[in-house]
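One structure is given below, encoded as structure tokens.
In what follows, chains are A, B, ... by sequence order, proteins preceding strands, each numbered from 1. All of these numbers come straight from a predicted model, not from anything done at the bench.
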Amino acid sequence: MKAKEIRTKFLEFFESKQHKIVPSAPLVVKNDPTLMFINAGMNQFKDIFLGHGHSESKRVADTQKCLRVSGKHNDLDEVGHDTYHHTLFEMLGNWSFGDYFKKEAIAWAWELLTEVYGLDKESLYVTVFEGDKEDGTAFDKESFDFWKAIIPEDHILNGNKKDNFWEMGDSGPCGPCSEIHIDIRTIEEKANISGRDLINQDHPEVIEIWNLVFIEFNRKANGQLETLPNKHIDTGMGFERLTMAIQGVRSNYDTDIFQPIIQTIAKETGFEYGKDKKKDIAMRVVADHIRALAFTIADGQLPSNVGAGYVIRRILRRAVRYAYSFLDKKEAFMYKVLPVLIQEMGEAFPELIKQEKLISKVIQEEENSFLNTLSTGIMRIEKIIEQLTLSGQKSLSGKDAFELYDTFGFPFDLTELILKENGFRVSKADFDKHMREQKARSKQASITETDDWVIVSEQIEGNGFVGYSLLSTEIKIVKYRKIQAKNTIAYQLVFNQTPFYAESGGQVGDTGFIQNETETINIFDTKKENNLTVHYTNQLPKNPENTFQAHVTAEKRWMTANNHTAAHLMHHALRDVLGTHVEQKGSYVDADYLRFDFAHFQKMSDEEILQVEDLVNQAIWNNAPANIQIDVDIKEAEKLGAIALFGEKYGDKVRVVQFADSIELCGGTHVEATGQIGLFKIIHESAIAAGIRRVEAITGEKAIAYYNTQANELDQIKGLLKGQKELSKGVQNLLDENKKLHKQIDELNQLKAAGIKAELLTKALKINGVNIITSTVDLDANNIKNLVFALLRDAKHTLVALGGKSDDKVTLTVALSKDLIDEKGLDAGKIIRSVSKEIQGGGGGQAHFATAGGKNPNGLEKAYQLIKEQMNK
RNA sequence: GGGGGAUUAGCUCAGUUGGCUAGAGCGUUUGACUGGCAGUCAAGAGGUCAUCGGUUCGAUUCCGAUAUUCUCCA
């Protein structure tokens with residue numbers, strides 16, 4: 001059975017059990033501070049489990065793309081070395097929200113595996129939770145009994161809290177789980193050792209394929225468990241593992257999910273897969289990572305040096321490193337593997353096809369940039385080796401190796417390899433020590449403590465977000481909690497309803513205050529945590545159970561709306577001017593300006609920028625009214641031609657924002673009619689990544705202020721140029737003149753210097769066969785320098801000591817012709833140090849040229865005297 | 001969010017106890033050689049040493065802040 005078929009059968013099976021099939025959520029997680037990427041099938045249903053949202057369907061199934069790069073079940077470092085760890089994988093899952101429970105979940109899992117997929121019953125084992133004394137949880141007899149009805153008892157094992165009690169995090173919904181394991185070893189191996197003894201023993205061929213989680217508890221921050229009113233089913237089956245079992249191969253990488261990719265890598269690198277252990281590992285690494293990269297970039301996450309983007313960059317660099325070291329690939333090549341991946345996966349994940357060009361460009365660019373990092377690192381290492389050789393050392397300190405890694409991004413294993421090739425050592429333990437210190441530092445800096453929610457009043461009626469139409473309304477506080485980070489304490493408040501817009505879709509959160517007769521509480525930010533709107537304040541109300549009037553800062557909201565609507569108009573204009581390949585890749589909108597990132601492969605020309613500005617301003621002057629529809633069926637919205645974003649999760653019902661021809665799915669706040677925006681001006685256009693441009697713009701008052709400043713500047717220049725008509729010509733004239741004058745000054749200075757030179761030569765004294773010229777001249781330090789070098793150019797046995805005065809400071813320059821240094825061992829630096837105290841200063845320099853500065857011009861004569869005396873000896 | 005680097009000619013980079021008229025290679029301009037292309041040789045142009053402050057007689061160099069950027073950790 002082909003992988004594609006396996007995926008389809010799963011979905012069809014649960015559809016036949018009255019499940020609604022939903023699309024995979026985008027990989028990149030927004031609105032959840034605890035998670036960067038989707039790492040389990042249940043992530044997109046977290047709100048439902050937490051009780052913050054509800055599902056329209058009580059039964060749901062899907063295949064979810066997941067990314068795991070750290071954590072107990074997967075470490076990036078392991079991927080490729082074995083046959084079953086992945087960064088990106090698909091999780092097949094079925095869910096019940098307060099509907100069916102253990103009985104059905106178990107029965108259907110068994111039916112699907114054995115009857116639809118035809119897996120051998122004898123090779124399947126299941127585990128059930130044995131209970132835990134500390135938590136006061138009992139043996140999961142219910143599950144045990146359901147299983148006993150369908151499989152022999154010797155295929156049922158008990159599991160402890162670690163393996164069979166599933167938790168979302170330190171707190172939150174949790175419950176016992178029952179895992180299904182499969183033994184894919186050969187008959188001989190099975191006869192030798194029973195599969196039963198290898199369950200959960202990290203055997204690569206006796207593995208868990210499906211986890212059925214029975215969510216029935218909530219763990220509080222203090223560790224205690226409470227029973228949930230609604231019980232849920234949450235299951236997850238690793239698609240790659242399942243495919244391996246069904247296709248009868250021994251490794252995930254041998255399935256038809258990975259083989260086409262691996263074969264392409266083999267072709268690109270010129271090595272065969274399966275011949276050399278190290279090369280195989282490298283090929284698996286590349287095959288795995290290219291999948292992760294393609295999916296995350298398709299979902300809008302670009303490699304960067306912070307947060308989620310950094311994780312992507314690290315994955316890419318790991319792949320490049322393996323290819324570089326083991327597959328002899330010293331140039332970018334991964335982007336060439338991409339077409340095969342897209343051919344295989346594009347049908348199930350159409351975003352890959354849509355974004356192919358961008359993904360390819362980004363990957364290629366990143367590969368090249370890291371290869372560049374590597375080559376500068378290699379230069380650095382070569383330098384280090386040279387130094388080690390010179391000083392006769394045999395090993396590099398872990399600290400230096402860490403510096404290479406930490407500061408220059410050069411991987412430790414390459415450092416170690418190159419040193420070894422040259423006969424040097426480096427201490428891994430020492431390196432690790434520095435790594436631990438760095439981690440501890442970061443952790444210390446980002447420590448946050450979150451207390452339990454304090455419930456103020458459980459059941460209050462409210463209308464959620466009312467801020468589209470109201471900037472002020474009566475609210476009650478539902479709950480609050482304290483959060484503590486480093487030195488700051490803040491409180492999060494949740495209301496029954498709120499006029500405050502929570503940061504999302506690139507638009508900043510509202511600020512304002514809540515107030516009643518007795519107190520006023522400032523709200524400095526509003527954010528979303530999953531579906532919850534959280535208001536941030538530094539101060540807790542004394543009587544939180546009272547009713548408050550909530551007020552949003554209107555001016556800020558107003559200006560933000562200007563910018564948000566302008567961003568829509570600009571998006572539309574960009575597509576008109578540049579083409580429909582322009583796709584939003586990110587945006588930021590606040591009261592001050594708007595920022596819009598989009599896919600486009602070259603710099604915008606000045607004309608294009610002007611055209612976009614014109615189109616937006618015309619749309620503003622047309623004063624198009626807002627046409628905002630809520631609860632539009634997503635299919636309906638698509639028919640209208642509304643622009644949706646990749647990597648954004650939309651429900652079935654969406655909000656459609658329309659201004660004339662600009663139609664977008666958007667939850668943000670907008671102007672009532674475009675005329676309110678007043679004026680639009682692009683102030684910046686730049687590249688932020690391969691194939692991504694950024695445009696920054698301002699509107700309304702800010703745009704007017706911008707033009708005023710420019711006009712002011714112009715007026716001032718006009719004034720300075722005394723009313724010349726063509727300003728640029730006037731400035732050009734000035735520049736030309738300036739250049740000419742500079743040249744004249746240079747010439748005059750040279751003449752002056754020549755005059756002084758001639759005069760000085762007549763003053764030369766001969767002492768002990770040395771021509772000594774001492775004088776105080778009216779030149780600055782730089783010109784004295786020129787003069788001195790001119791004097792010495794063809795002079796022999798000559799010492800020059802020249803003083804110069806400027807303001808209350810004085811300089812002294814001593815220079816020698818080269819023969820004096822060679823023959824008499826004189827040193828201008830030493831001479832100047834010995835006399836500089838006479839001018840109350842200090843100085844130094846080289847043997848042939850030295851300068852000093854001081855405060856006492858009257859000391860110059862004494863200094864000359866001393867120099868002459870020195871020559872007399 | 002925290003740590004460590006970097007910013008010098010159009011490009012890639014050197015520049016150590018603070019004073020070497022701030023250099024190299026590539027590119028560019030001009031000239032010579034060659035029938036032309038290409039090339040070789042020679043000469044020249046090109047720098048507020050990121051910005052702003054401080055220490056110092058003197059800062060590209062030391063210190064601080066800002067901006068940009070790279071890199072590691074979270």
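- Note that Lys330(A) lies in the cation-pi zone of Tyr324(A), set by a 6.0 Å cut-off to the ring centre and a 45° limit from the axis.
- Here the C1' atom of nucleotide rG5(B) and the CG atom of Asn372(A) are 16 Å apart, to the nearest Å.
- In this structure, Phe408(A) atom CZ and rU7(B) atom P are separated by 10 Å, rounded to whole Å.
- Note: Phe412(A) and Phe402(A) fail the aromatic proximity criterion, with ring centroids not under 6.0 Å apart.
- Only the C1' atoms considered, rC73(B) is 43 Å distant from rG46(B), to the nearest whole Å.
- One C1' atom belongs to rA14(B), the other to rG53(B), and the distance between them is 29 Å to the nearest Å.
- Using a 4.0 Å cut-off between a side-chain N of Lys or Arg and a carboxylate O of Asp or Glu, Asp432(A) and Lys428(A) qualify as a salt bridge.
- Between the C1' atom of rC72(B) and the CZ atom of Phe402(A) lies a distance of 6 Å, rounded to the nearest Å.
- Residues Leu396(A) and Ile384(A) form a side-chain contact, since some pair of their non-hydrogen atoms from C-beta on lies under 4.5 Å apart.
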query = How does protein contact run along nucleotides 17-24 of chain B, one letter per nucleotide 5' to 3', with B for base contact, S for sugar-phosphate only, - for none, heavy atoms under 4.0 Å?
reply = --BSB---
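- Across the protein-nucleic acid pair, Arg314(A) atom CZ and rC73(B) atom C1' stand 9 Å apart, rounded to whole Å.
- For rA67(B) and rC52(B), the P atoms lie 15 Å apart once the distance is rounded to whole Å.
- Between the CG atom of Leu316(A) and the P atom of rU71(B) there is a distance of 11 Å, rounded to whole Å.
- Considering only heavy atoms from C-beta on, Asp288(A) stays 4.5 Å or farther from Leu88(A) through its side chain.
- Side-chain contact, Gln438(A) with Arg441(A): a donor N or O sits under 3.5 Å from an acceptor N or O.
- Lys439(A) comes within contact range of the sugar-phosphate backbone alone, with a heavy-atom separation under 4.0 Å but no base atom that close.
- Taking every heavy atom of both residues into account, Thr813(A) and Thr851(A) meet most closely at OG1-CG2, 3.9 Å.
- Contact annotation for Arg317(A): backbone-only contact, meaning every heavy-atom pair under 4.0 Å involves sugar-phosphate atoms and none involves a base.
- For the pair Lys527(A) and Tyr536(A), the cation sits on the ring face: its NZ or CZ lies under 6.0 Å from the ring centre, inside 45° of the axis.
- Remark: P of rG2(B) and CZ of Arg436(A) are 24 Å apart, rounded to the nearest angstrom.
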inquiry  = The test is side chain to side chain donor-acceptor pair (under 3.5 Å); show your working for Thr776(A) and Tyr864(A) and say whether it passes.
reply    = CA-CA 10 Å; Thr776(A) 303; Tyr864(A) 301 149; 2.7 Å; yes
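- Here, rA9(B) and rG5(B) have their C1' atoms 23 Å apart, quoted to the whole Å.
- Take the nearest nucleotide of RNA chain B for Phe370(A) and for Arg380(A): the residue whose nucleotide is more 5' is Arg380(A).
- In this structure, CZ of Arg694(A) is placed 14 Å from C1' of rU68(B), rounded to the nearest angstrom.
- Each of rU71(B), rG4(B), rA74(B) was ranked by its minimum atom distance to the side chain of Thr407(A); first place goes to rG4(B).
- Geometric assessment of Arg380(A) against the ring of Phe410(A) yields a negative cation-pi assignment under the 6.0 Å and 45° thresholds.
- One N or O donor and one acceptor, one from the side chain of Asp406(A) and one from the base of rG3(B), sit under 3.5 Å apart.
- Residue Arg313(A) is in sugar-phosphate contact alone, with no base atom involved, counting any heavy-atom pair closer than 4.0 Å across all strands shown.
- When each of Phe410(A) and Glu403(A) is assigned the nucleotide of RNA chain B with its nearest heavy atom, Glu403(A) is the one assigned upstream, toward the 5' end.
- Here the separation of rU68(B) from rU8(B), taken at their C1' atoms, is 16 Å to the nearest Å.
- Straight-line distance between the C1' atoms of rU55(B) and rC11(B): roughly 36 Å, to the nearest whole Å.
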key: RNA chain B base-pair string [pairs: Watson-Crick or G-U under 3.5 Å; |: paired with another strand]   = (((((((..((((.....[...)))).((((((.....)))))).....(((((..]....)))))))))))).
